[in-house]
Amino acid sequence: MEKYNPEIIERKWQKYWAKNPDNFSAKDESGQEKAFILDMFPYPSGTGLHVGHVESYTATDIYSRYLRMNGKNVLHPQGFDAFGLPAENYAIKTGIHPKETISNAVEVFKRQINSLGFSYDWSREVNSSDPKYYKWTQWLFLLFYKNGLAYKKKAKVNWCPKCQTVLANEQAENGKCERCESEVIQKDLEQWFFKITDFVEDKGKTSGLLSGLEKIDWPNSTKSLQKNWIGKSVGAQFKMQIENTDKFIEVYTTRIDTVFGMTYAVVAPEHEIVASLLKVESRKSKVKREIQNLKIENSDEIGKYVEASKKKTDLDRMEAKEKTGVEIKGIKVINPFNGEALSLFVADYVLSQYGTGAVMAVPAHDERDFEFAKKYNLEIKEVISGDKKDKEILTDDGILINSTEYNNLESGEAREKLTAWLEEKKIGQRKINYKLRDWLVSRQRYWGAPIPIIYCEKCGEVPVPEKDLPVELPDDVDFKPTGESPLKYSKKFQEVKCPKCGGEAKRESDTMDTFVCSSWYYLRYADSKNEKEFASKEKLEKWLPVDLYVGGAEHSVLHLLYARFFTKVLHNLGYLNFDEPFLKLRHQGTILAEDGTKMSKSKGNVVNPDDVVKEFGADALRIFEMFMGPLEDMKPWQTKGIVGVYRFLEKTWKMQTRINDQETGDSKLNNLIHKTIKKVGKDIEEMRFNTAISALMILANEMEKQEKIQITNYQLLITLLSPFAPHLAEELWEKLGHSESIFKEEWPTYDPEMIKDEEIELIIQINGKVRDKIIVSADISEDEAKTIVLEREKVKSYILGREIRKIIFVKGRLINIVF
RNA sequence: GCCUUGGUGGCGGAAUUGGUAUACGCGCUAGUCUUAGGAACUAGUUCCCGCAAGGGAUUGAGAGUUCGAGUCUCUCCCAAGGCACCA
């Protein structure tokens with residue numbers, strides 16, 4: 001027998017599978033039950049495949065192979081998320097066109113993916129930078145546009161003054177530019193948005209982004225991340241009159257129950273009232289009637305404060321250790337509940353973008369207000385009683401005090417009643433606020449899908465007609481960052497005739513956020529070559545939604561939220577018959593370096609899958625990554641650990657010399673085999689691959705002990721192993737004389753009769769402690785067990801004349817004598 | 001601060017969901033084989049006391065429920081990830 005040589009075996013079977021794609025292709029015409037098993041398509045980075053990719057791809061590969069062997073019609077495709085910044089930044093540095101960079105990287109990725117024996121259906125491959133793909137990204141943009149879900153407005157964007165460019169939020173983390181580390185500033189520019197906020201709550205028959213979470217099988221943590229991101233809060237919004245005027249400021253609060261504790265109010269520096277008051281002061285001729293009686297005593301001071309706040313970056317405002325603010329001297333606002341006239345402050349701890357940009361301040365029950373009140377010596381009035389624990393103030397709900405007729409109410413009840421009062425008096429109402437903002441989708445960048453809009457001097461904003469799609473990216477552009485999209489400098493691209501009037505017009509030069517491309521790619525796999533639609537309705541109905549989706553937890557919010565949004569829009573517009581794209585989602589946990597830190601190029605502790613494949617083979621790498629621990633856990637790489645799974649594979653390989661085709665019928669081994677069939681199947685379904693592998697190891701160890709290995713048993717072992725180590729399984733299968741691929745085999749079934757134990761080890765406990773064990777028939781009755789156990793010398797010596805209070809008997813498991 | 005997930009041998013991790021804690025693998029120890037090293041195989045390996053038989057302790061800490069708790073309840077500590085002046 002030749003040595004186990006994964007290099008030769010693996011190359012051989014990879015070739016075979018490439019020549020017989022039918023083995024793994026999804027059958028559009030088949031009547032078998034479908035299963036759509038999906039990996040998040042990778043960004044083809046220049047550094048190649050990472051062990052993290054291998055982890056998730058192995059998981060879905062095992063699952064897909066298992067389902068196929070169980071007679072399912074499996075759609076398991078792969079593609080590339082090929083637009084994006086790294087390739088463009090690389091082009092700026094080297095002058096090499098992103099197209100070239102990406103196509104090289106895609107080649108490397110495909111080579112690596114194939115070297116691991118993944119059973120993808122490559123006939124459905126997508127690449128988001130391919131005009132045949134982004135034609136439909138653009139088509140979807142126009143669909144959104146026509147339905148009022150894509151719109152343009154002025155917005156603050158991240159701007160790096162050194163690189164002279166707009167940055168995506170992900171590139172401006174912590175307020176610093178990803179590339180040059182300089183401070184990012186906020187700039188007002190015209191930007192495109194998608195109305196994702198329209199889909200937070202249910203819309204017609206389409207479930208909302210919040211309620212939809214209830215019906216999908218996703219990790220709890222991911223659901224709660226999305227909920228947090230959406231940030232729904234239920235409160236009340238009400239008007240406070242400015243004393244001696246008929247003008248109001250409106251505030252939002254979730255704690256209307258604390259309203260009698262309000263001792264002042266605060267507006268954000270950007271609040272319109274501030275600007276209008278200052279205007280009154282500076283241009284007396286244009287005094288508005290309603291505030292003509294007001295005299296602001298410190299308008300200079302306020303003006304300075306507002307100016308200073310405007311100059312601060314978001315980062316500064318967030319990091320400010322102490323709260324600052326200025327009282328607007330000369331005006332008072334009235335608390336409508338008790339008529340008290342209160343001071344009004346401008347302070348930048350109040351956010352202009354959230355709620356109304358103005359708040360009621362209750363220092364006794366809100367930490368921020370408390371901090372501010374202490375600093376400026378403002379009144380602190382308690383109106384809720386309850387347990388403060390070890391804090392200075394009570395911020396939890398409690399019982400109302402000092403609140404007129406609302407005294408003694410519990411916070412929750414009080415909120416209902418106080419809100420009802422506001423509604424009755426028509427000065428306020430219940431109000432729901434969200435943290436989620438509309439999705440800014442335009443990027444002043446080259447390497448993305450162009451936004452299909454044309455600006456005509458006569459007709460204004462004109463969508464590119466469907467027949468003119470795709471709007472292709474020109475190749476001849478200068479990548480140097482200028483602060484505007486590089487597309488602006490391609491005349492060929494920019495200058496265009498207006499589709500409406502035929503006059504001179506200009507194309508939109510911005511491209512779309514890459515997250516737009518990845519928000520719908522899973523739909524394209526159903527019908528990836530369709531040139532008439534993004535996918536036919538029939539095929540969408542056949543294959544979607546995705547039954548299992550696996551990918552990194554870093555996409556918990558953005559990609560997964562956007563993809564859900566797209567699905568909901570398309571459902572709402574009648575293109576899809578489902579409103580959640582991914583029924584079941586799992587994340588692979590991060591694989592850390594051997595030292596327990598994150599793998600990083602700069603630390604030089606990155607494990608390259610190619611090296612591992614070369615040394616131990618793809619099967620060993622696959623099994624090792626699955627064996628390291630639960631799929632979702634973060635776990636450190638241990639090079640030495642691979643040796644263990646390699647030994648296991650080698651052991652299985654060597655067994656082929658000891659097979660025997662005579663039936664010997666070892667009932668103990670048969671029992672183990674059937675238990676293993678059951679366990680491996682169940683574990684794969686629950687994606688607990690580590691314990692499935694452990695069960696296979698136990699079976700292999702047991703078979704190894706046999707002098708002769710029965711051929712039927714050996715075949716079973718190989719079949720159970722095949723989804724995990726496909727190359728080895730194919731090779732051994734062929735050696736056993738089979739001419740067809742092992743993946744044409746049916747998954748073995750277990751016989752429930754065979755997994756029943758005839759004898760069990762009954763645990764004998766005395767006062768809950770294990771004191772003895774005894775082999776008995778599995779169906780021993782309580783009485784029989786008692787009789788036998790109480791006769792045992794060891795048990796007798798423990799009892800020693802003491803009175804037995806009771807005896808607990810758990811059938812097939814244990815007996816516990818209590819005294 | 002809030003949300004989420006965790007905390008089990010020297011290490012990665014198991015535990016039929018309330019019933020033998022430490023499966024499987026790594027490592028380590030001893031042995032067989034080998035000129036040697038390695039590989040392979042066999043046996044052992046939670047910790048403490050003991051030559052052994054045996055006994056005791058043990059799932060981050062503490063309490064509770066129970067005949068019985070890694071698992072359920074409460075309080076606290078620690079770690080990772082996310083959100084974060086969102087009123």
Quick one: side chains of residues 692-705 of chain A, donor-acceptor pairs under 3.5 Å with protein atoms, not counting sequence neighbours, listed by atom name and distance.
{"residue": "A/Asn701", "atom": "OD1", "partner": "A/Lys651", "partner atom": "NZ", "Å": "2.6"}
{"residue": "A/Asn701", "atom": "ND2", "partner": "A/Met697", "partner atom": "O", "Å": "3.3"}

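- In this entry B/G1 has B/C83 as its Watson-Crick or G-U wobble partner, both defining distances falling under 3.5 Å.
- Going from atom CD of A/Glu554 over to atom C1' of B/G81 covers 12 Å, rounded to whole Å.
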Please write out the pairs of protein N or O atoms and N or O atoms of nucleotides 54-58 of chain B separated by less than 3.5 Å, giving the distance to one decimal.
{"residue": "B/G55", "atom": "OP1", "partner": "A/Tyr798", "partner atom": "OH", "Å": "2.7"}
{"residue": "B/G56", "atom": "OP1", "partner": "A/Arg771", "partner atom": "NH2", "Å": "3.4"}
{"residue": "B/G56", "atom": "OP2", "partner": "A/Arg771", "partner atom": "NH1", "Å": "3.0"}
{"residue": "B/A57", "atom": "OP2", "partner": "A/Lys769", "partner atom": "NZ", "Å": "2.9"}

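- A tilted orientation is assigned to the rings of A/Trp653 and A/Tyr4, their planes being inclined by 30° to 60°.
- Listed candidates were B/G27, B/C85, B/C83. Nearest to the side chain of A/Lys435 is B/C83.
- Looking at A/Val333 and A/Met360, their side chains never come closer than 4.5 Å, going by heavy atoms from C-beta outward.
- Across all strands shown, B/U73 forms a Watson-Crick or G-U wobble pair with B/A63, both key distances being under 3.5 Å.
- Applying side chain to side chain contact (heavy atoms under 4.5 Å, CB included) to A/Met626 and the options A/Ile62, A/Val54, A/Val645, A/Asn690 leaves one that passes, A/Ile62.
- Figure legend: cation-pi geometry between A/Arg564 and A/Trp218, with NZ or CZ positioned under 6.0 Å from the six-membered ring centre and within 45° of its axis.
- Look at B/A21: it lacks any Watson-Crick or wobble partner with both distances under 3.5 angstrom.
- Following rounding to the nearest Å, A/Phe238 (CZ) and B/A87 (C1') show an atom-to-atom distance of 11 Å.
- A/Tyr264 places its OH atom 16 Å from the P atom of B/A87, with the value rounded to the nearest Å.
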(request) Sugar-phosphate means primed atoms, P, OP1 and OP2; the rest is base. With that split, encode nucleotides 14-25 of chain B 5' to 3' as B, S or - using protein heavy atoms under 4.0 Å. (result) SSB--BBS-BBS
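- Residue pairs meeting the salt bridge (Lys or Arg N to Asp or Glu O under 4.0 Å) criterion with at least one partner in residues 629-647 of chain A, sequence neighbours excluded, are A/Glu55-A/Lys635, A/Arg586-A/Glu632.
- Under the ring pair (Phe, Tyr, Trp, His ring centres under 6.0 Å) criterion, A/Phe809 pairs with no residue at all, not counting sequence neighbours.
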Which atom pairs, donor and acceptor, lie under 3.5 Å between side-chain atoms of residues 757-768 of chain A and protein residues at least two apart or in another chain?
{"residue": "A/Asp757", "atom": "OD1", "partner": "A/Lys675", "partner atom": "NZ", "Å": "3.0"}
{"residue": "A/Asp757", "atom": "OD2", "partner": "A/Lys675", "partner atom": "NZ", "Å": "3.3"}
{"residue": "A/Asn767", "atom": "OD1", "partner": "A/Phe819", "partner atom": "N", "Å": "3.0"}

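- Along RNA chain B, the nucleotide nearest to A/Arg255 and the one nearest to A/Ser224 differ in position, and the one closer to the 5' end is contacted by A/Ser224.
- Under 3.5 Å, the side chain of A/Lys227 and the base of B/C3 form no donor-acceptor pair of N or O atoms.
- For A/Asp751 and A/Lys756, the salt-bridge test fails: no basic side-chain N is under 4.0 Å from an acidic carboxylate O.
- In a base pair of the Watson-Crick type (N1 to N3 plus N6-O4 or O6-N4) or a G-U wobble (N1-O2 and O6-N3), with each distance short of 3.5 Å, B/A30 is matched with B/U42.
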